[in-house]
Amino acid sequence: MTDATSRDGTRSGSTAQPVGGAKGPDELRQQIEQTRGQLGDTVEELAGKADVKGRAKARAADLKDKAGAMSVQLRSSAAHAGHAVQDKAGRTGHAAQDKGDRARHTPPGRARGAVRAGLGHPRAVAVAGAAAGVVVAASLARRRHHGHC
């Protein structure tokens, strides 16, 4: 036994082939084909690792695809959020307009009572003024949106 041979008769660093070699020409041909296949796989793997430019291009294409997908997702989320805000603003505007319509149809006697009550509660008057501002703003926004300016 030498330094390159282990106890079981195989060479160290090899693909565990017996030291004695093949036991006939057919087995030798089979071993040669197997070794050629392994060598071809190794050469392909090394060539792939050596192709830095090709790997960089593939990585760049992958990152570009991911960025494009993320862009589409962000646009979709923004559009969805915009529609949700528009819907909520529309509902708020309609509710404020309904309250304004009801206030216009309040009998004068009730209006005087509301004014007297407001004098005793200035904070409530401020809130009512803000609500009226919202009604006007919603009405103007709706007219502008529908092209009635």
(Q) One pair to check against side-chain contact (heavy atoms from CB on, under 4.5 Å): E33 and Q30. What are the steps and the verdict? (A) CA-CA 5 Å; E33 286 303 313; Q30 182 183 6; 5.9 Å; no
Q. Does the salt bridge (Lys or Arg N to Asp or Glu O under 4.0 Å) test come out yes or no for R91 and D87, once each step is laid out?
A. CA-CA 6 Å; R91 287 192 306 270; D87 290 346; 5.1 Å; no
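The shortest heavy-atom contact between R55 and K49 is NH1-O, 2.7 Å.
Separating the CG atom in D51 from the CG atom in L46 is a distance of 12.5 Å, to the nearest 0.5 Å. Between atom CE of residue M70 and atom CG of residue L74 there is a gap of 6.5 Å, rounded to the nearest 0.5 Å.
Between L39 and R36 the shortest side-chain heavy-atom distance does not fall below 4.5 Å.
Looking only at distances, a side-chain donor or acceptor of T42 sits under 3.5 Å from a matching main-chain atom of Q38. S77 places a side-chain N or O within 3.5 Å of a backbone atom of Q73 that can act as its donor or acceptor partner.
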